[in-house]
Amino acid sequence: PKINAVYKIIVTGEGGGIWLLDLTKPGGQITFGNGRAGCTIRMAADDLLDIVNGRLNVAAAFDRGKLQVLGNPALAEKIGQVLFGR
């Protein structure tokens, strides 16, 4: 289903940064930098790599405080399904 929201992704540590993922625009848009978002997801670069490479489960990362979600939790769940298949 279409996700009509803006997400802020904050990655801390080496190689990190702040990105806005705007899914309100056709095709979506990713920009580097800060801004307003309906949901903010924050994690360390190392933890993100572990999630992407299957060494860390998203739910476990959340439970351990390695992945923080601010804002609308329903939006976090939607983007989690798209990004991580969960």
Side-chain angles (χ1 to χ4, degrees):
K2 183 176 175 164
I3 301 173
N4 190 29
V6 177
Y7 293 87
K8 183 186 306 187
I9 311 294
I10 302 172
V11 179
T12 61
E14 188 174 335
I18 301 173
W19 292 267
L20 291 176
L21 175 58
D22 188 344
L23 300 178
T24 65
K25 297 181 179 180
Q29 179 181 357
I30 299 173
T31 55
F32 186 77
N34 208 351
R36 295 186 62 155
C39 180
T40 299
I41 300 169
R42 179 184 171 105
M43 70 189 85
D46 291 340
D47 294 329
L48 176 59
L49 286 175
D50 285 345
I51 289 170
V52 169
N53 291 315
R55 294 186 297 262
L56 178 62
N57 178 283
V58 174
F62 183 78
D63 289 343
R64 295 179 192 157
K66 293 179 177 243
L67 185 151
Q68 295 96 35
V69 176
L70 302 168
N72 187 331
L75 291 177
E77 185 176 338
K78 286 181 182 182
I79 198 69
Q81 291 171 352
V82 171
L83 295 177
F84 307 115
R86 298 167 180 82

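Only a predicted model underlies this, so the values are computations on that prediction, with no experimental measurement involved.
Shown here for L20 and G33, the closest heavy-atom pair between the two residues is CG-O, 3.6 Å. Heavy atoms only, all atoms of each residue included: A37 and V6 are closest at CB-O, 3.4 Å. Of all heavy-atom pairs between E14 and A45, the closest is O-CB, 3.4 Å. When all heavy atoms are compared, the tightest approach of L21 to I79 is CD2-CD1, 3.8 Å. Closest non-hydrogen pair, L75 versus C39, comes out as CB-CB, 3.9 Å.
Of the options I41, I30, L48, a side-chain contact (heavy atoms from CB on, under 4.5 Å) to I9 is made by I41 and by none of the others.
More than 12 heavy atoms of other residues, nucleotides or ligands lie within 6.0 Å of CZ in R55, so this atom counts as buried by the packing criterion.
Hydrophobic clustering of Ile, Leu, Val, Met, Phe, Trp and Tyr side chains at less than 4.5 Å, counting indirect connections, unites V69 with V11. Taken together through direct or relayed side-chain contacts under 4.5 Å among Ile, Leu, Val, Met, Phe, Trp and Tyr, I18 and L49 form parts of separate hydrophobic clusters. Hydrophobic clustering (side-chain heavy atoms under 4.5 Å, transitive across Ile, Leu, Val, Met, Phe, Trp, Tyr) keeps L70 apart from V58.
Pairs engaging residues 59-76 under the salt bridge (Lys or Arg N to Asp or Glu O under 4.0 Å) rule: D47-K66 [sequence neighbours left out].
Counting only distance, with no hydrogens or angles, the side chain of Y7 and the backbone of L23 share no donor-acceptor pair below 3.5 Å.
Counting heavy atoms from C-beta on, the side chains of L67 and L56 never come closer than 4.5 Å.
One finds the CD1 atom of I51 at 11.5 Å from the CG atom of D46 (value rounded to the nearest 0.5 Å). Distance CG/N4 to CG/D22: 8.5 Å, rounded to 0.5 Å.
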